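As C-alpha cells, the structure follows; a few thoughts come after it.
In this text, all values refer to a predicted model and were calculated from it rather than measured experimentally. In each ligand, atom 1 is the first atom listed, and ligand 1 is the first ligand listed.
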Amino acid sequence: MKSYYKELWFRVPTRRAFINITPQVEECLEESGIREGLCLVNAMHITASVFINDDEPGLHHDYDAWLEKLAPHEPVSQYRHNGYEDNADAHLKRQIMGREVVVAVTGGKLHFGTWEQIFYGEFDGRRKKRVLVKIIGD
Ligand code: ZN
C-alpha cells in the first residue's frame with residue numbers, strides 16, 4: 001500500500017469564503033500515483049471546514065446567509081467564547097459544515113457523485129491556514 005500526504009495553505013483575505021479546492025486535490029492525487037484507494041481532505045483549523053457540494057454561487061450565498069442566521073458574527077458579546085477572540089461564530093459554523101471529507105479513488109480519479117466538488121469553507125480568515133490531503137491505496 002502506498003501513502004501520500006500534502007498540506008495545502010490558504011490565506012483568505014475576507015473573514016468568510018468558500019473556495020473550490022478540487023483542482024488542488026486532483027493535483028495531489030496525480031502526484032501520489034495512487035490509482036485505487038481513499039482520499040481524505042480535512043481542515044487543520046477549528047474555524048474552517050472542508051465539505052462537498054455543488055459549485056454554484058447562489059448556493060454559496062445561501063450557505064452564508066443560513067450560517068449567519070444560525071450563528072451571527074455580531075454582536076460578538078453574545079458568545080461566551082469571545083474574550084480575547086471574536087470568532088465564536090466561526091467555531092459554530094465549522095461544526096455545522098464539517099471537518100473533513102473522504103472520497104474514493106477509482107482508476108486514478110476522484111470518484112465523485114453528480115456535481116460533487118470539494119470546498120474549503122473559511123469562517124475566520126485573513127490569516128494563513130492549512131488543509132491536509134492524505135491519500136492511501138495502490
Ligand atoms: Zn476561537
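Ring-plane geometry between Phe119 and Phe51 is classed as parallel, the angle between the planes falling under 30 degrees on a 0 to 90 degree scale with a further cut at 60. Taking the six-membered ring where tryptophan is involved, the planes of Trp66 and Tyr63 are tilted, since the angle between them lies from 30° to 60°. Using the six-membered ring where Trp is involved, Phe10 and Tyr120 have ring planes that are parallel, under 30° apart on the 30 and 60° scheme.
Under 4.0 Å is where a charged nitrogen must lie from a carboxylate oxygen, and between Glu68 and Arg16 at least one such pair does.
Atom OH of Tyr5 sits in a sparse spot, with 12 or fewer heavy atoms from other residues, nucleotides or ligands closer than 6.0 Å.
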Donor-acceptor list for residues 36-45 side chains, cut-off 3.5 Å, not counting sequence neighbours:
from, atom 1, to, atom 2, distance (Å)
Glu36, OE2, Gly107, N, 2.7
His45, NE2, Arg130, N, 2.8

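Inspection of the environment of the Zn ion (ligand 1) yields the following protein N, O or S atoms under 2.8 Å: His81 NE2, Glu85 OE1, Asn87 OD1, His91 NE2.
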